[in-house]
Amino acid sequence: MTTLTVRLSTMDDAKARFVEAGRRALAGKATEAAPSVNFLSYDEMHRVLAPLRITIVRALAGQGALSIREVARRVDRDVQAVHRDVTTLVNAGIVDRTESGVEFPYDRIHFDYDLGVAA
């Protein structure tokens, strides 16, 4: 089962994970690459993964590549609106565009973040 992990993290956090993976590799320790997408803020994540876009991801899950028109039919929405949403998801690295259409190449999404209380 392949999982896409969505994180809220700073550039420093992402850099630290990258450096640690490099250290492990140089030490000869295997590091499994795990697909992930990082957002700098909750607002950015929520903008990209808004409810209507999550519906598109769910419609794509396990279906292989689908045309935009077919995705629109499955989510009962306008083709142009779905095209805009799919473009946002592709640009964020959530969905892949292929010669056959668009696809969500993972089995599930795992959200890995904490929300703190505003000061």
Side-chain angles (χ1 to χ4, degrees):
M1 180 178 292
T2 56
T3 300
L4 175 66
T5 299
V6 174
R7 290 188 182 95
L8 292 181
S9 65
T10 65
M11 290 302 286
D12 288 340
D13 294 336
K15 183 178 168 183
R17 282 193 305 276
F18 182 76
V19 168
E20 179 57 28
R23 283 189 190 133
R24 290 181 57 79
L26 289 173
K29 298 179 182 175
T31 301
E32 186 176 327
S36 65
V37 175
N38 298 304
F39 291 98
L40 297 176
S41 70
Y42 177 81
D43 291 339
E44 179 189 5
M45 181 190 68
H46 192 268
R47 181 188 60 77
V48 171
L49 294 172
L52 288 175
R53 292 185 182 135
I54 291 291
T55 301
I56 290 170
V57 171
R58 293 180 71 180
L60 287 169
Q63 301 302 302
L66 298 175
S67 69
I68 298 290
R69 185 168 303 285
E70 178 59 20
V71 175
R73 186 190 68 73
R74 290 181 184 209
V75 297
D76 194 28
R77 291 184 52 214
D78 175 70
V79 172
Q80 287 181 330
V82 169
H83 185 271
R84 281 190 303 272
D85 285 345
V86 165
T87 298
T88 298
L89 292 167
V90 167
N91 290 339
I94 307 293
V95 169
D96 290 340
R97 191 177 307 272
T98 69
E99 291 181 16
S100 304
V102 293
E103 66 179 327
F104 179 68
Y106 310 99
D107 298 311
R108 65 189 192 127
I109 296 179
H110 172 73
F111 291 89
D112 182 17
Y113 61 90
D114 296 318
L115 292 178
V117 177

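There is no path of hydrophobic side-chain contacts, each under 4.5 Å, that joins Leu52 to Ile94. At a threshold of 4.5 Å between side-chain heavy atoms, the hydrophobic network of Ile, Leu, Val, Met, Phe, Trp and Tyr places Val95 and Val79 in one connected group. If you chain together hydrophobic residues whose side chains sit under 4.5 Å apart, Phe39 and Val90 fall into the same group.
Residue Asp76 qualifies as open at atom CG: its count of foreign heavy atoms under 6.0 Å is 12 or below. Atom CZ of Arg24 has more than 12 heavy atoms from other residues, nucleotides or ligands within 6.0 Å.
Distance CG/Leu8 to CD/Glu44: 9.0 Å, rounded to 0.5 Å.
Looking at Ile56 and Arg77, their side chains come closer than 4.5 Å, going by heavy atoms from C-beta outward. Residues Tyr106 and Thr3 have side chains not in contact (no heavy-atom distance under 4.5 Å, counting atoms from C-beta outward).
Considering all non-hydrogen atoms of both residues, Ala65 and Gly101 come closest at CB-N, 4.1 Å. For Leu60 against Val102, the heavy-atom pair with the smallest separation is CD2-O, 3.6 Å. Residues Val75 and Ala59 come closest through the heavy atom pair CG1-CB, 3.7 Å. Closest non-hydrogen pair, Leu89 versus Val48, comes out as CD2-O, 3.9 Å. Of all heavy-atom pairs between Pro105 and Asp96, the closest is CG-OD2, 3.2 Å.
For residues 76-102, there are no ring-ring contact (aromatic ring centres under 6.0 Å, His included) pairs, not counting sequence neighbours. Residue pairs satisfying the ring-ring contact (aromatic ring centres under 6.0 Å, His included) criterion with at least one member in residues 44-70, sequence neighbours excluded, are listed as follows: Tyr42-His46.
Using a distance-only test at 3.5 Å, with no hydrogens or angles considered, a donor-acceptor pair links the side chain of Asp107 to the main chain of Thr2. In terms of modelled atom types and a separation under 3.5 Å, the side chain of Arg108 and the main chain of Ala61 share no donor-acceptor contact.
Checked against salt bridge (charged side-chain N to carboxylate O under 4.0 Å, His left out), Arg7 has the following partners two or more places apart in sequence or in another chain: Asp112.
A side-chain contact (heavy atoms from CB on, under 4.5 Å) with Val57 is found for exactly one of Ile109, Leu4, Val86, Asp85, namely Ile109.
Salt bridge present: Glu70 and Arg74 bring a charged side-chain N and a carboxylate O closer than 4.0 Å.
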